[in-house]
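In each ligand, atom 1 is the first atom listed, and ligand 1 is the first ligand listed. Note that the numbering runs from 1 along the sequence shown for the chain.
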Amino acid sequence: MNGPRSGDLAARSLRSVWHPCTQMRHHETSPPIAVAHAHGAWLHDADGRRYFDAISSWWVNLFGHTNTRINNALKDQLDRLEHAMLAGFTHEPVVALSEKLSTLAGHVLGHCFFASDGASAVEIALKMSAHAWRNAGHGDKREFICLQGAYHGETLGALGVTDTALFREPYDGLLRASHVAASPDARQAQPGESAADVEQRALASLEKLLQQRQGHIAAVIVEPLVQCASGMAMHGAAYLAGVRRLCDAYGAHMIADEIAVGCGRTGSFFACEQAGIWPDFLCLSKGISGGYLPLSLVMTRDAVYEAFYHDDVRKGFLHSHSYTGNPLACRAALEVLAIFEDDDVLARNRVFAEAMTEALQPLAHDPRIANFRQAGMIWACDAVLDGQPGFSRRFAAEAARNELLLRPIGSTIYLMPPYILDQQDAVWLAERIRRTFDAVMEAA
Ligand SMILES: *Cc1c(COP(=O)(O)O)cnc(C)c1O
């Protein structure tokens, strides 16, 4: 599929680059696409082919590639300060970003701890939770509850609260076990059950675990509104309010992993806002830097911060990463937040979302499609397959032939586009998805 120049680069890549989340052998038949340059929603290869980035390059890109505003902010920052250690030093971008985020979180989550990737943010939240309990004299609270189908990243600690067999199994025995509560995934409704009934069932399952392990649970970790990596499983805001209530009742922290769903992805800046609650820890990454630079952070409350504030160094949170609070990444994030404000992005997304949902109606009603669903700037549906191994890879390859970057998760086709599209884009996207889907199903 790749032409001579990009084909050459792909071949070199396969000799020296070990690609992530990939069975490298699959590249024997479908080599990686060599991106030469990009602008807006479009990725271009060296041979003049283009691909519409309908999944925001693994959910990170919010305002298009080579965005003029973010580019200019970074150029300015490059000539001021590229990096300085954050222990014993501070700088304007990290301070301004922490202040802005705190304001967005109603000053409830007023303390930001920085890292570089999502999995590290999850590790920090888990460690901080258990350590805060220990400092407060509750050293027995060292266990965690995650949800069925949860995904929180792939380092050993994050995998310990991840319930995706494919990612976990090879490392069984290396991982610390956590408790798994039922998922509120609306698709699990039994005949006659509503989505709200499923959420109630999931809350009952969570409460049972909290009861059984009372005094031992440090935190419950959830992906608010959408469990993305397990196939865009969606639930309502009432479920989150229920988790908050149960965590309060049983003395456990609530960790909201908003790495994928934060930054406006589900319609509000933070997904938790839709439930009218704040967690004790909120993890952000992916979109926060606009898809430019690795940046993650954990926001937490005064009570947690104060549990570490002490004369004894061992009661401090001694965690660190070399690039903690990198000024370039923070400056990109500040520009992202400025764009949200200046362009009223959340309101603009609501208008686009209506157009996108409308354009997808033929697909939504296709008999070969089930569970069409949407939350903010995420659309998903499940292909009804019998057998058809390799559906996801075949779909991705056909999508590329139709100028689309789309990679289904199993049988779940989903869209997570950048926030820069208009109604025409929606119509074009829907048409190309349908064309791709028809071709894949006819070839089966
Ligand atoms: C992507 C993701 C992570 C992990 O982030 P990385 O930067 O890939 O380590 C954790 N949690 C959720 C919900 C994610 O979507």
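- Between Glu92 and Arg331, no side-chain nitrogen of the basic residue sits less than 4.0 Å from a carboxylate oxygen of the acidic one, so the salt-bridge criterion is not met.
- Side-chain contact annotation: Tyr292 with Asn67, donor-acceptor N/O pair under 3.5 Å absent.
- For Asp117 and Ser120, the side-chain atoms include at least one donor-acceptor pair closer than 3.5 Å.
- The Asp257 neighbourhood of ligand 1 comprises atoms 10 (C), 11 (N), 12 (C), 13 (C), with distances under 4.0 Å to a heavy atom of that residue.
- When non-hydrogen atoms are compared, ligand 1 lies under 4.0 Å from neither the backbone nor the side chain of Trp58.
- For Asp342 and Arg69, the salt-bridge test passes: some basic side-chain N is under 4.0 Å from an acidic carboxylate O.
- Residue Gly153 has at least one heavy-atom neighbour below 4.0 Å for each of these atoms of ligand 1: 4 (C), 10 (C).
- Checking atom 15 (O) of ligand 1 against the protein gives a heavy-atom contact under 4.0 Å.
- Checked by distance only, ligand 1 and Gly118 come closer than 3.5 Å through their nitrogen or oxygen atoms.
- In Asp117, the parts holding a heavy atom less than 4.0 Å from any atom of ligand 1 are both the side chain and the backbone.
- Checked for salt-bridge contact, Asp344 and Arg348 miss the test: no charged N lies under 4.0 Å from a carboxylate O.
- Listed by atom number, the atoms of ligand 1 under 4.0 Å from Ala260 heavy atoms are 15 (O).
- Considering backbone and side-chain N/O atoms, Glu223 never comes within less than 3.5 Å of an N/O atom of ligand 1.
- Inclusion of Ala119 in the set of residues having an N or O under 3.5 Å from an N or O of ligand 1 is warranted.
- Of all the atoms in ligand 1, the ones that sit under 4.0 Å from a non-hydrogen atom of Lys286 are 1 (C), 2 (C), 3 (C), 14 (C), 15 (O).
- Taking the six-membered ring for Trp, His44 and His37 have ring centres closer than 6.0 Å.
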Point to revise | Full working for salt bridge (Lys or Arg N to Asp or Glu O under 4.0 Å) between Asp382 and Arg373 | key: CA-CA 9 Å; Asp382 306 322; Arg373 54 200 183 275; 3.2 Å; yes

